[in-house]
Amino acid sequence: MNAPISEDDLHAFADGQLDSARLVQVEAWLASHPERRAEVDQWRAQTASLHQTFDRVLDEPIPTRLLPPARPARWLDGRKAAAVAWLVVGGVAGFFLRGQSAGDPAALTASNSLPRQAAVAHAVFVPEVRHPVEVGADQEAHLVAWLSKRLGAELKPPKLDDAGYRLIGGRLLPGDKRAVAQFMYEDAARKRLTLYVRPDAPKATETGFRYTSEDGIDVFYWIDGAFGYALSGNTGREDMLRLATLVHRQNEK
Amino acid sequence: MSSQAAIVAEIPRLRRYARALTGRSDTADDLVQDTLERALVKWRLWQQGRALRPWLFSIMHNLHVDGQRREGRLDFRDDDDLPVQVQRAAQDDARELRDIERALGLLPLEQREILLLVGLEELSYADVARVLKLPQGTVMSRLSRGRKRFRALLLGATIPQLRVVKK
């Protein structure tokens with residue numbers, strides 16, 4: 001019934017990589033094979049000796065040449081300084097979907113304030129218990145019509161139900177020049193995300209994803225068509241990237 | 001955690017692995033620096049949803065192998081042809097640590113990497129296979145041989161070698 005115990009099972013046992021069912025079987029088998037048990041113990045002792053020898057490196061101070069300096073573009077000897085700014089390091093986490101427009105200073109200036117504004121709006125409304133949104137998702141048709149009219153272009157809240165987040169609703173906010181929209185989402189654990197949509201993005205400057213952390217709020221932002229988007233939340237960088245990808249994909253349709 | 005913090009947080013792990021892999025702290029930090037730099041250049045290729053740590057280890061692996069190849073130091077001899085040096089088992093701790101570093105250095109690179117990624121870095125076998133771009137079966141057989149050899153090196157015992165002797 002049970003598969004015979006293999007050499008691989010013994011290593012996986014020593015390395016703690018067996019599932020609990022197999023673990024029990026291997027343990028029982030080892031009880032009647034003391035010479036193999038001794039070998040497994042030796043492997044574990046090897047691993048322990050590696051930790052004993054090298055774990056001290058973890059506590060050593062990191063040499064400054066390996067650390068990002070206060071002026072981020074000079075990280076790593078400035079060898080890549082022209083091409084690589086910290087924004088791009090952010091790109092290690094949040095990659096650009098398309099070519100970057102780093103050469104366009106107007107686009108950068110315009111989008112720089114986008115994550116900041118989005119994070120502030122996020123911080124203001126996410127803790128709201130009674131009035132997190134102006135118009136609830138139960139009146140979605142009205143919400144879409146209203147925000148589209150005020151922002152001057154058709155605007156639909158993306159669906160994030162597949163990712164476990166349901167739309168609570170949306171609200172209108174004052175932006176730099178004109179109105180902006182905020183949609184709010186919530187998961188089963190009541191964690192909230194906001195999507196900030198600004199209609200005054202400079203034309204023809206589509207960008208890929210950019211990532212920043214604003215006072216501890218993760219913000220992924222990008223420009224697509226006439227809108228600048230910023231997704232804010234605290235659900236972890238990778239989770240946020242996945243959600244931002246979902247939003248972006250739906251806007252493309 | 002910001003992405004900056006996420007990457008900086010990996011540096012101690014990268015340094016530990018590089019130190020164990022190369023056996024020298026200055027060489028190790030050069031390797032870490034090259035790895036971080038390459039990560040910056042290659043981040044577009046980083047696949048969404050892939051964990052950061054194994055991706056960084058795979059970059060480091062490629063750089064290290066390239067460097068060894070450039071210096072003509074990659075050992076292509078078959079495992080069984082490699083000598084197992086006899087060493088005295090040490091009594092005091094300091095000696096023992098040095099012996100571990102020395103025994104590790106005497107392991108063929110392909111076994112040393114796997115022993116370290118599995119034992120020291122505690123990566124899953126599947127992640128190790130991805131980092132090294134090897135089938136998991138190959139990872140397991142090298143792990144098994146590496147552990148046998150490492151033990152033999154530490155004990156200072158010789159592995160019996162079978163030879164066909166022509167008369």
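The sequence lines fix the lettering, A, B, ..., with proteins before strands; numbering per chain opens at 1.
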**Request:** Could you walk me through whether L104(B) and L50(A) pass the side chain to side chain contact (heavy atoms under 4.5 Å, CB included) test, one step at a time?
**Result:** CA-CA 9 Å; L104(B) 204 54; L50(A) 291 176; 4.0 Å; yes
Run the numbers on E7(A) and R145(B) for salt bridge (charged side-chain N to carboxylate O under 4.0 Å, His left out), then give the verdict.
CA-CA 11 Å; E7(A) 178 84 6; R145(B) 278 184 289 147; over 6 Å; no
Worked verdict on L21(B) versus F54(A) for side chain to side chain contact (heavy atoms under 4.5 Å, CB included) = CA-CA 10 Å; L21(B) 187 67; F54(A) 296 107; over 6 Å; no
Take E122(B) and Q17(A), measure what side chain to side chain contact (heavy atoms under 4.5 Å, CB included) needs, and give me the verdict at the end. CA-CA 9 Å; E122(B) 292 163 9; Q17(A) 295 201 24; over 6 Å; no
- Begin with the C-alpha distance, continue with both residues' side-chain angles, and end with the deciding distance and a verdict on side chain to side chain contact (heavy atoms under 4.5 Å, CB included) for L115(B) and T47(A). CA-CA 8 Å; L115(B) 217 66; T47(A) 296; over 6 Å; no
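The environment of CG in D162(A) is sparse: at most 12 heavy-atom neighbours from other residues, nucleotides or ligands sit within 6.0 Å.
Each of H51(A), R44(A), E39(A) has some count of heavy-atom pairs under 4.5 Å with chain B, and the biggest count is that of H51(A).
Only the backbone of L123(B) comes within contact range of chain A, with at least one heavy atom under 4.5 Å from a heavy atom of that chain. If you measure heavy-atom distances from A48(A) to chain B, you find no contacts under 4.5 Å at all. Using a 4.5 Å cut-off between heavy atoms, N234(A) makes no contact with chain B at all.
Here the closest heavy-atom approach between residue L36(B) and residue L66(A) is recorded as CD1-O, 3.8 Å. Taking every heavy atom of both residues into account, Q46(A) and R147(B) meet most closely at NE2-O, 3.0 Å.
The closest side-chain heavy-atom distance from R56(A) to R19(B) is below 4.5 Å. By the 4.5 Å heavy-atom criterion applied to side chains, P63(A) and Q33(B) are not counted as neighbours.
Interatomic distance, CG of L120(B) versus CG of D55(A), reported as 6.0 Å (0.5 Å rounding). Note that the OG atom of S6(A) and the CE atom of M140(B) stand 7.5 Å from one another [nearest 0.5 Å]. Separation of atoms CG (L10(A)) and OG (S144(B)) is listed at 9.0 Å; rounding is to 0.5 Å.
A salt bridge is absent between R65(A) and E37(B); no separation between the charged side-chain nitrogens and carboxylate oxygens falls under 4.0 Å. A salt bridge is absent between E60(A) and R16(B): the closest approach of a Lys/Arg side-chain nitrogen to an acidic carboxylate oxygen does not fall below 4.0 angstrom.
Between the side chains of Y125(B) and D15(A), at least one donor-acceptor pair of N or O atoms lies under 3.5 Å.
Under the side chain to side chain contact (heavy atoms under 4.5 Å, CB included) test applied with I62(A), the options D29(B), L14(B), I11(B) reduce to a single match, I11(B).
Under a 3.5 Å cut-off, the side chain of H11(A) and the backbone N or O of S141(B) do not form any donor-acceptor pair.
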